[in-house]
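A short write-up of the structure that comes next.
Counting starts at 1 for both ligands and their atoms, in listed order. Counting begins at 1 with the first residue of the sequence. Only this structure's heavy atoms are used, side chains among them; waters, hydrogens and symmetry mates stay out.
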Amino acid sequence: MMPDNSWYKELVVYQIWCRSFKDNNGDGNGDLLGVLEKLDYIKSLGANAIWFSPIYPSPNADWGYDISDYKNIHEDFGDLDLFKKIVDEAHKRDMKIIMDLVVNHTSSEHYWFKESRKSKDNPYSDYYIWKDGKNGGPPNNWLSIFEGGAWEYVKERDQYYMHAFAKGQPDLNMDNPKVREEVKDIMRFWLDMGVDGFREDVITFISKDPDFPNGFPIPIACGIEHYNKGPNLMQYLNEFRNDVVKNYDCFLVAESPMTGAKDAVKFTSGKDRVFDMMINFEHMSADCFMTDTVHLPFSLRKFKKALGSWQTKLYGKAWNALYIENHDHPRVISRYGNEKFRTESGKMLATVSYCMSGTPYIYQGQEIGMVNNHLKSLDEFKDVVTFNNEKVFKKIGMPRFIYLKIANKTSRENARTPVQWNSTKNAGFTTGTPWFGVNKNYKEINVETEEKDPNSILNYYRKLFKVRQENKVFIYGKYKEFYKRSKKIYCYEMSYKGQKALIIGSFSKKSMTFEAPKGWNLCNDNLVLNTYPDVNNIVDNKIDLRPYEALVYLKK
Ligand code: GLC
């Protein structure tokens, strides 16, 4: 019998991308001592769990998502003893710790791959996906998500290996039972140390179409149809669950690109579920097509439709993961809000996104409303995705200065600038030279300043999570949307055991009149959250909403 892990429903998870969180030893890289120093701060936000993006040894072809040793800690961050201390200290504070489990691929510097590439007959030769070429070229037309084709030729084997992401991230051959045993072994290693679960990186990619057919030839996506949600995916996930997960009181959150609410119901329902929740991408595409790089104007209707679909389809069956930022996307205020109304739109986005059912995830810096970086030169960027896009845009003749504008708007590196702790040099992130540029706005936007301001985004997040934890209607409620067609207003109701809440958010930079939907009599005595320091009067069940204002009413 699986232990009852339903506690995951009442978590608020804080995501740490360690290299940019807090440097303690002055080498310019965030580290685990920095995390230890800030545990109480994280707890003070109302978070009761931490998800660590990969902190394992890695040559950083993809900043940690290319792991070269699964059972150790990157020397830039600390060591296993220090990590164990963090687990203990977190547990003392009633906080959970989850690790990133990246097993679709390893680093090309991992011992397994170094062996595997040597010959066709060594103990690791079948650990990866190796294929013979065809007609003097790669085995098929699949593209990688990060870097050109999905196949790389290796002379020693006279074969190609597959990589869904960067060249330095060869895909593991999960069809090999020995590889699955290795994965289980890694999971046990961390769970035995006391971690409380995993965020499973691109986990729906682990089973590929065994025929390796050509993909539909459209740029960006070619081949993905054959390596996402492959034929043996369920079998492998069940195996991990039955052989490992079932024996621990832990939870799993899957990163699952290109999946919809129906998939979430399939994977996360019932006691035999293979994940406890899934990271949905649909609502993160409200201003782009397929990838952040292909930018479009923000569509509130797209955003609402995606969230509404997951709320409705999963209700009573499965569980949502709620998020609007992580290390893979530009900052949300710069995307869906408005930098000119930073405080207002930051609070509003938090309100409409976290008053619905599911487990909230927030990403470092989100709680103080950090915004996109505006770098002066492409040479300052550090990510494989930016480098690749630069090549692609160059091929189609785009001048570099135009691509710089696109990168500043759409690159995920916007989320990877160091956390701004105070207004001293380097935003108090490091006493050394930061590994990546601190956003120039740190004197205005930083934790210390926001701590002192009762109307800051930071203090609003604290209040929001408190109200959420105190009123189960937000965590477990049933979602009903109003004014679905509106391009400026997001308005929904949550109801649970006699409690009803009305959530209202304006996505407009202009004031407008909002009329309460049927069944609601607005009364400021019922107001539990408001994002401006004062509150407008209600006249005839109507209220003037100011730019990006959000309000939450609760009837008990
Ligand atoms: C996931 C990670 C992303 C990484 C990719 C390859 O999408 O979140 O950062 O680059 O997987 O591991």
Side-chain angles (χ1 to χ4, degrees), residues 13 15-21 51-68 70 74 98-110 113 128-129 142-148 150 152 161-172 174 183 186 198-206 208 220-221 223-224 227-229 252-259 275 277-282 284-285 288 290-293 321 323-331 361-364 366 381-389 410-417 436:
V13 184
Q15 182 193 351
I16 292 186
W17 200 82
C18 193
R19 192 169 295 280
S20 285
F21 184 67
W51 147 30
F52 277 104
S53 271
I55 47 176
Y56 316 95
S58 160
N60 289 329
D62 182 17
W63 293 111
Y65 281 90
D66 48 321
I67 298 170
S68 53
Y70 285 92
H74 198 296
I98 66 167
M99 292 296 263
D100 223 303
L101 184 75
V102 188
V103 291
N104 175 67
H105 44 266
T106 69
S107 159
S108 52
E109 297 297 307
H110 193 289
F113 188 74
Y128 294 86
I129 300 170
W142 292 5
L143 293 178
S144 97
I145 293 173
F146 285 176
E147 278 190 300
E152 226 49 48
Y161 73 86
M162 194 221 143
H163 59 97
F165 294 91
K167 290 177 192 156
Q169 293 171 295
D171 280 47
L172 281 164
M174 209 55 78
V183 172
I186 295 165
F198 298 103
R199 175 261 189 194
E200 301 188 322
D201 189 65
V202 286
I203 193 73
T204 50
F205 282 19
I206 61 172
K208 277 80 180 173
I220 314 172
I224 293 176
Y227 56 77
N228 194 17
K229 293 187 276 178
L252 300 181
V253 48
E255 190 209 22
S256 43
M258 292 163 282
T259 53
F275 314 123
M277 57 190 120
M278 283 164 72
I279 297 176
N280 150 30
F281 277 61
E282 290 185 327
M284 297 308 283
S285 304
C288 59
M290 290 187 71
T291 128
D292 291 340
T293 320
Y323 80 103
I324 39 175
E325 279 197 11
N326 64 31
H327 65 293
D328 283 335
H329 301 284
R331 293 286 182 180
Y361 288 72
I362 58 165
Y363 176 67
Q364 64 188 37
Q366 180 185 338
F381 287 84
K382 297 206 182 276
D383 180 38
V384 56
V385 178
T386 316
F387 301 153
N388 185 53
N389 287 338
T410 65
S411 143
R412 60 183 186 170
E413 292 179 75
N414 281 301
R416 299 179 178 186
T417 59
F436 187 38

Is it the side chain (CB and beyond), the backbone, both or neither of Trp63 that lies under 4.0 Å from ligand 1, heavy atoms counted?
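Neither part.
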
Relative to ligand 1, is Arg199 under 4.0 angstrom through side chain, backbone, both or neither, heavy atoms considered?
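Near ligand 1, Arg199 shows its side chain, while the N, CA, C and O stay back.
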
At a 4.0 Å threshold, what atoms of ligand 1 neighbour a non-hydrogen atom of [X]?
| X | result |
| --- | --- |
| Arg412 | 3 (C), 4 (C), 9 (O), 10 (O) |
| His105 | 6 (C), 12 (O) |
| Phe146 | 10 (O) |
| Asp62 | 4 (C), 5 (C), 6 (C), 10 (O), 12 (O) |
| His327 | 2 (C), 3 (C), 8 (O), 9 (O) |

Tell me, with the steps shown, if Tyr363 and Tyr323 meet ring pair (Phe, Tyr, Trp, His ring centres under 6.0 Å).
CA-CA 8 Å; Tyr363 176 67; Tyr323 80 103; over 10 Å; no

Between Tyr128 and Thr106, does any side-chain donor sit less than 3.5 Å from a side-chain acceptor?
yes

Asp62/Arg412 ion pair, N-O < 4.0 Å:
yes

Identify, for [atom], the protein heavy atom at the shortest distance, and state residue, atom and that distance.
| atom | answer |
| --- | --- |
| atom 8 (O) of ligand 1 | Asp328 OD2, 2.4 Å |
| atom 11 (O) of ligand 1 | Asp201 OD1, 3.0 Å |
| atom 7 (O) of ligand 1 | Glu255 OE2, 2.7 Å |

Would you say the side-chain atoms of Ser144 pair up with the backbone N or O of Phe165, donor to acceptor, closer than 3.5 Å?
yes

Worked check of side-chain contact (heavy atoms from CB on, under 4.5 Å) between Met284 and Asn326
CA-CA 10 Å; Met284 297 308 283; Asn326 64 31; over 6 Å; no

Could you check whether Phe113 and His163 have their ring centres less than 6.0 Å apart?
no

Using the six-membered ring wherever Trp is involved, compare the ring planes of Tyr70 and His110 and label them parallel, tilted or perpendicular (cut-offs 30° and 60°).
tilted

